[in-house]
Chemist: 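Handing you this structure, nothing more for now.
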Number of protein chains: 2
Amino acid sequence: MPKTETKNRPGKRISSGSGTLNEVAKAAGVSEMTVSRVLRGKTNVSQKTRDKVQAAVKALGYVPNRLAGALASAKSMQLAVIIPSLRNIVFPEVLAGITDCLDTAGYHAVIGVSEYDLGREAELIAAMMSWRPAGIIIANAQHHRDAVTILRASPAPVVEVMELTRKPIDMCVGLDHRKAAVMTAERLLKKGYRRFAYLGCDLQRDKAAGKRFKGFSDTVLKGGGKMVAELTVDEPSGIGLGRRHMASLLAQSAKIEIVYASNDAVASGALMYCLAEGISVPRELALASFSGLEVGQSMPLPLTTIRSPRYEMGRLSAERILDRLNGKTPPRITDAGFEFIEGETT
Amino acid sequence: MPKTETKNRPGKRISSGSGTLNEVAKAAGVSEMTVSRVLRGKTNVSQKTRDKVQAAVKALGYVPNRLAGALASAKSMQLAVIIPSLRNIVFPEVLAGITDCLDTAGYHAVIGVSEYDLGREAELIAAMMSWRPAGIIIANAQHHRDAVTILRASPAPVVEVMELTRKPIDMCVGLDHRKAAVMTAERLLKKGYRRFAYLGCDLQRDKAAGKRFKGFSDTVLKGGGKMVAELTVDEPSGIGLGRRHMASLLAQSAKIEIVYASNDAVASGALMYCLAEGISVPRELALASFSGLEVGQSMPLPLTTIRSPRYEMGRLSAERILDRLNGKTPPRITDAGFEFIEGETT
DNA sequence: ATGAAAGCGCTAACAA
DNA sequence: TTGTTAGCGCTTTCAT
């Protein structure tokens, strides 16, 4: 196993694994610049030279050094992507949209996970900037002031993804969480529900969920309804949260007609609780939430919820950045929209 | 919005956003080398000089350029991470373990998603190598021969994660999928089950699932049982898959006693189908699978399954790489183990 | 404890 | 179409 010897060779530069432009140039009998041009697909090289160079590249198994390239051209092919969590499936879904789009353009994503900590997020951004990314995609619209300072100063385009903001740092791609929750509340009121309960994660951490909660309860009150029970739990949002905490939520009031959950994972857990406890949904208790996750739509009763275009938002974010890098002027604000899903839990 | 002007300034180098070592050095009245030493935490600098430098760094809002640093030192602080998918929650969970470990050490992950395509995986690896990563973590143990060639030649440590292999390219961290499936089959046989069915994703794409299927059916046959129905579907593994395809699996044979699913997502969908159709589990039909996902354990009946240590495998992979970079000699093969979960679906 | 010189591997700009 | 020159911003090595 040659690996073990490879580490620390003090005082001696490692061969970087695969030769240099110079070696290829010599092998092909041309200058470094010509090789560089061929490799970057510049058109002003004759086919003959092209072939020679490509043969040499293949023969030597040459892999270009993008660190050097990025340094010389001040153009990196990496994007920084900062998300709050990998445990909540919505972020990997956004990430999937991002990587799909980037891959086709030869870019790569460097990821940072803030664990919903804005201080940590700011540190991550600072660290990421040292790679001189070609662009930055960051989840949500609330950031530490240091983070905002850095991002504003960034020469690279920035996209805030997930939430819509009136005044993004640079660009934003997302949906109006308040509007989504308002629409949900209106539909539920129209259906006759009046006594609402809320179950969710800590609203200080997940700001988008906080906006939804606010929009929802405002609308409920305005519409003659009441929030008769509320439970927010400071633990990772997920199915387990809904499953474990429904009992104590329901214990808060005997008159809950419907539970609005912070997202589909929580709502799915809540529905599982009801199924396990023999609570008839929606007859005895109704459920609604937000996300449109596969799990929620696969339940014996599909959830009444809002579908957020997660993959699409990721893809659009990456596209906006690439557009900017290609000299275009994409819209600063992109409303990715959402869709109400009339399930069977209401 | 200053952003819009920032893109393509033809012929003019962008200021890279934040000054250079040289500017800091001038501001602090020392040489570049001294600043470099302070920034990298070298000890042989006097406290007085240190303070001056740090003041200058803060005053200028200097952010070091790691591209230049990596080029000069031939040591990057980035790891390449290649996974087959972001839609299957197990990979984000592994990724979470990786990023958690890397973050504390100041490293960052560059990610590539192969979509279960080995050709694409090989291309991704080649592309990633051009960033001269300090290490490479790649999911699974089966790769395109070009990929193997590149990885073997890599001066950076390589970890194959998820599956255990007898002869890893460099190192591996994982669990024995065959063994896990064998154990599951043995327990089910002991419980009296004889007529088995299999429901899962395409076994050519998900090699680990293939190993489990093989181990499971081998054991079933050896133990006097029978595989009376099999359905593999070439679509992304997930809850929806299980939910949608149970009907046609069950139509294959009237005498199925138990369904073994390729993983917990599929099994959860299958269980939801049963709940929706009023099939009594485990009386009329039993269910078992593999993963130990939160969703499966939150179902009204927790799944009988195997818990795979996904976060832990990610963490360990990153740790092995960092150990190597720090001159240690970690074990080539790390068995992360697994745990049988006796649920209520059998 | 500090500094000067010499690149790392590549690309922009200009020349031929 | 091709080549030459001069860095990109940093770290290594070797002096002092």
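Not measured: the values here are computed from a predicted model.
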Chemist: Check whether the side chains of B/Glu163 and B/Gln142 place a donor and an acceptor atom closer than 3.5 Å, and report yes or no.
Modeler: no

Chemist: State, without any angle test, whether B/Glu121 and B/His143 hold a side-chain donor-acceptor pair at a distance under 3.5 Å.
Modeler: yes

Chemist: Specify the separation, in whole Å, of atom NZ of B/Lys75 and atom C1' of C/dG9.
Modeler: 16 Å

Chemist: Would you say a side-chain N or O of B/Ser36 is under 4.0 Å from OP1 or OP2 of D/dC10?
Modeler: no

Chemist: If you take any heavy atom closer than 4.0 Å to DNA chain D, which residues from residues 24-33 of chain B end up in contact?
Modeler: B/Glu32, B/Met33

Chemist: Between the protein and nucleotides 14-16 of chain D, list every N/O to N/O distance that falls short of 3.5 Å.
Modeler:
none

Chemist: Tell me the interatomic distance from A/Leu21, atom CG, to C/dC8, atom P, rounded to whole angstroms.
Modeler: 13 Å

Chemist: Just by distance, no angles: are the side chains of A/Thr149 and A/Arg145 close enough, under 3.5 Å, to form a donor-acceptor pair?
Modeler: no

Chemist: I'd like to check the side chain to side chain donor-acceptor pair (under 3.5 Å) partners of A/Lys26; sequence neighbours left out, ordered by chain and number.
Modeler: A/Asn22

Chemist: Measuring from the side chain of A/Asn44 (C-beta onward, heavy atoms only), which nucleotide among C/dT11, D/dT1, C/dT2 has the closest atom?
Modeler: D/dT1

Chemist: Rounded off to whole Å, could you give me the NZ-to-P distance for the A/Lys42 and D/dG3 pair?
Modeler: 17 Å

Chemist: Can you tell me if the side-chain N/O atoms of B/Thr49 get under 4.0 Å from OP1 or OP2 in C/dT2?
Modeler: yes

Chemist: Between atom CZ in A/Arg40 and atom P in C/dG9, what is the gap in whole Å?
Modeler: 17 Å

Chemist: Quick one: is C/dT2 close enough that its OP1 or OP2 comes under 4.0 Å of any side-chain N or O from B/Ser46?
Modeler: yes

Chemist: Rounded to the Å, how far apart are A/Asn65 CG and D/dC8 P?
Modeler: 18 Å

Chemist: Could you tell me which residues satisfy side-chain contact (heavy atoms from CB on, under 4.5 Å) with A/Ile333, sequence neighbours excluded, listed by chain and number?
Modeler: A/Leu164, A/Pro168, A/Cys172

Chemist: Mind checking salt bridge (Lys or Arg N to Asp or Glu O under 4.0 Å) for A/Glu32 and listing every partner two or more places apart, or none if nothing turns up?
Modeler: none

Chemist: Partners of A/Arg205 by side chain to side chain donor-acceptor pair (under 3.5 Å), sequence neighbours excluded?
Modeler: none

Chemist: Salt bridge or not between A/Arg324 and A/Asp170? Use side-chain N to carboxylate O under 4.0 Å.
Modeler: yes

Chemist: To the nearest Å, give me how far apart CG (B/Leu71) and P (C/dA6) are.
Modeler: 18 Å

Chemist: The side chain of B/Ser73 lies closest to which of these nucleotides: D/dT1, D/dT11, D/dG9?
Modeler: D/dT11

Chemist: Rounded to the Å, how far apart are B/Leu67 CG and D/dC8 P?
Modeler: 15 Å

Chemist: Rounding to a whole Å, what distance do you find between A/Lys48:NZ and D/dT1:P?
Modeler: 14 Å

Chemist: Spell out, as yes or no, whether a donor-acceptor pair under 3.5 Å connects the side chain of B/Thr49 to the backbone of B/Val45.
Modeler: no

